[in-house]
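Working notes, beginning with the structure itself.
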Amino acid sequence: MEDGEAGGIGELDESRAALLAEAADRARRYLRRIGDRAVAAPPEAVLALDELDFPLPEGGLEPSRVLALLDDVGSPATVASAGPRYFGFVTGGALPIAVAASWLLAAWDQNAALSVMSPVATRLDSVAIGWVSRLLGLPGGTSGGFVSGATMANAACLASARDAVLTRAGWDAASLGLVGAPPVQVVVGDEVHATVLKALGLIGLGRGRALRLPVDEQGRITPDRLPRLDRPALVCLQAGNVNSGASDPFVPLIGWAHSQGAWVHVDGAFGLWAAACPEVAGEVAGVAAADSWATDAHKWLNTTYDCGVALVRDGQALRAAMQAEASYLPLGAARDPMLVTPQSSQRARGAEVWAVLAALGREGVSRLVGRHVALARRFASGLSAGGLDILNQVRLNQVVAACADAEATGEMIAALQREGTCWCGPTMWRGRRAMRISVSNWSTTEGDVDRSVAAVLAAARLTSARR
Ligand SMILES: *Cc1c(COP(=O)(O)O)cnc(C)c1O
């Protein structure tokens, strides 16, 4: 049908176009001011959210009025994590191409579960998995899928691992489950990320029964006096400690685990991206010898939320663990995302990753990572020159800083968050209260780091002056 052919359609099209244009305008305005506002949401804005908590309207509101409410009341209560001075957790910040592509993808409204549902989403999903895998230096033929984040990527990889090692032990876990199965030994480092334990719980191997290997002062597993492993066994290693940024020594650890028939899984939510930057790739040397890898695109690759990546060397193991059969599902040779991920219906995450990687290229990703490492070092030396203690070797994009005592550190963080120039969160590092800084947003500049260093030091001085 031609545009505007029938009056009704023409009107519908016009009001839809107006609504989308208004959303784009509001988004543009939001992002234009993102660098000038306080990074944390002001308390008044959070209180004002009550305005959105009204009884469900009987008749529904005008869509443009809904958009206005979202923006006028909602936008001020956001945290400016899209902006250049948010250093909390490891959040990344969506690149312009990521936001723009995600808008178009939302308009497509594709279900990326099956190629019959979306030839384009499934094709780009498969291209993007190949690109990610090559960029990270993983073995040719590595299979994978896009999931909600590294938590689900850990779960998907570990489910594949569990089934594969049990299959080798003569037990069909995919159909029989774990009741009556031979016990699977699970080994982690003492600095294992909470979500690996969560994933182990989800897949029935337990949050609490893993053997924990000792770690050094950077949080890396110490590769000496390693225990003998039972069979079947899973060993979970880490690329990028969430505080220090340090990675386990993969060469000796994977050698040890493989010599005893264990499956090696690597949680590399952000740290695996070091492999894409020659300057710091040495941090994760040998990681490609593992059997599975969990990472995120929404962290260091700066896609929108949510987007994690599960990667498995043995594609058959992933497919066996993620398969689903029904008479109406056209299961063929196609690599359908629902057959390599825990999800069935899913948004076209791979298409957004494709867009971001196409726009950055290999060099762009490398520069993004390298720049963040340099900015983290700049942050650390600024703080150190100002009298703060830096508790980690700054080898990646993470800085752990502290004042002389725990109480002062806590007060400094609270003062900093209230003041609003930047946002950093608290942590405990090797028994000491500390502040965590993660540089992972494409738009952060040296100027942003310098302003943030000044704000942190001012917060620290304020704290010590009150004592
Ligand atoms: C962030 C993170 C996770 C969890 O990732 P989500 O995307 O939040 O699910 C897991 N492991 C490490 C090391 C992380 O930094």
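Since the model is a prediction, treat every value here as computed from it, not as a measurement. For ligands, and for the atoms within them, numbers begin at 1 and follow the listed sequence.
Summarising the geometry of H298 relative to S148, their closest heavy-atom pair is CE1-O, 3.4 Å, with the distance given to 0.1 Å. Residues V235 and W256 come closest through the heavy atom pair CG1-CZ3, 4.0 Å.
Under the salt bridge (charged side-chain N to carboxylate O under 4.0 Å, His left out) criterion, E279 pairs with no residue, sequence neighbours left out.
Taking the six-membered ring for Trp and thresholds of 30 and 60 degrees, F379 and F87 have ring planes more than 60 degrees apart, a perpendicular arrangement.
Among pairs with a residue in residues 388-422, none fulfils ring pair (Phe, Tyr, Trp, His ring centres under 6.0 Å), at least two apart in sequence or across chains. Pairs engaging residues 337-349 under the salt bridge (Lys or Arg N to Asp or Glu O under 4.0 Å) rule: D306-R347, D306-R349, R347-E352 [sequence neighbours left out].
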Under 3.5 Å, N/O to N/O: give me all the pairs between ligand 1 and the protein, one per line with atom names and distance.
unit_1: ligand 1; atom_1: 5 (O); unit_2: D296; atom_2: OD2; d: 3.3
unit_1: ligand 1; atom_1: 7 (O); unit_2: A150; atom_2: N; d: 3.0
unit_1: ligand 1; atom_1: 7 (O); unit_2: D296; atom_2: OD1; d: 3.1
unit_1: ligand 1; atom_1: 7 (O); unit_2: D296; atom_2: OD2; d: 2.7
unit_1: ligand 1; atom_1: 7 (O); unit_2: H298; atom_2: NE2; d: 2.8
unit_1: ligand 1; atom_1: 9 (O); unit_2: A150; atom_2: N; d: 3.2
unit_1: ligand 1; atom_1: 9 (O); unit_2: T151; atom_2: N; d: 2.8
unit_1: ligand 1; atom_1: 9 (O); unit_2: T151; atom_2: OG1; d: 2.6
unit_1: ligand 1; atom_1: 11 (N); unit_2: H193; atom_2: ND1; d: 3.3
unit_1: ligand 1; atom_1: 11 (N); unit_2: D267; atom_2: OD1; d: 3.1
unit_1: ligand 1; atom_1: 11 (N); unit_2: D267; atom_2: OD2; d: 2.7
unit_1: ligand 1; atom_1: 15 (O); unit_2: K299; atom_2: NZ; d: 2.9

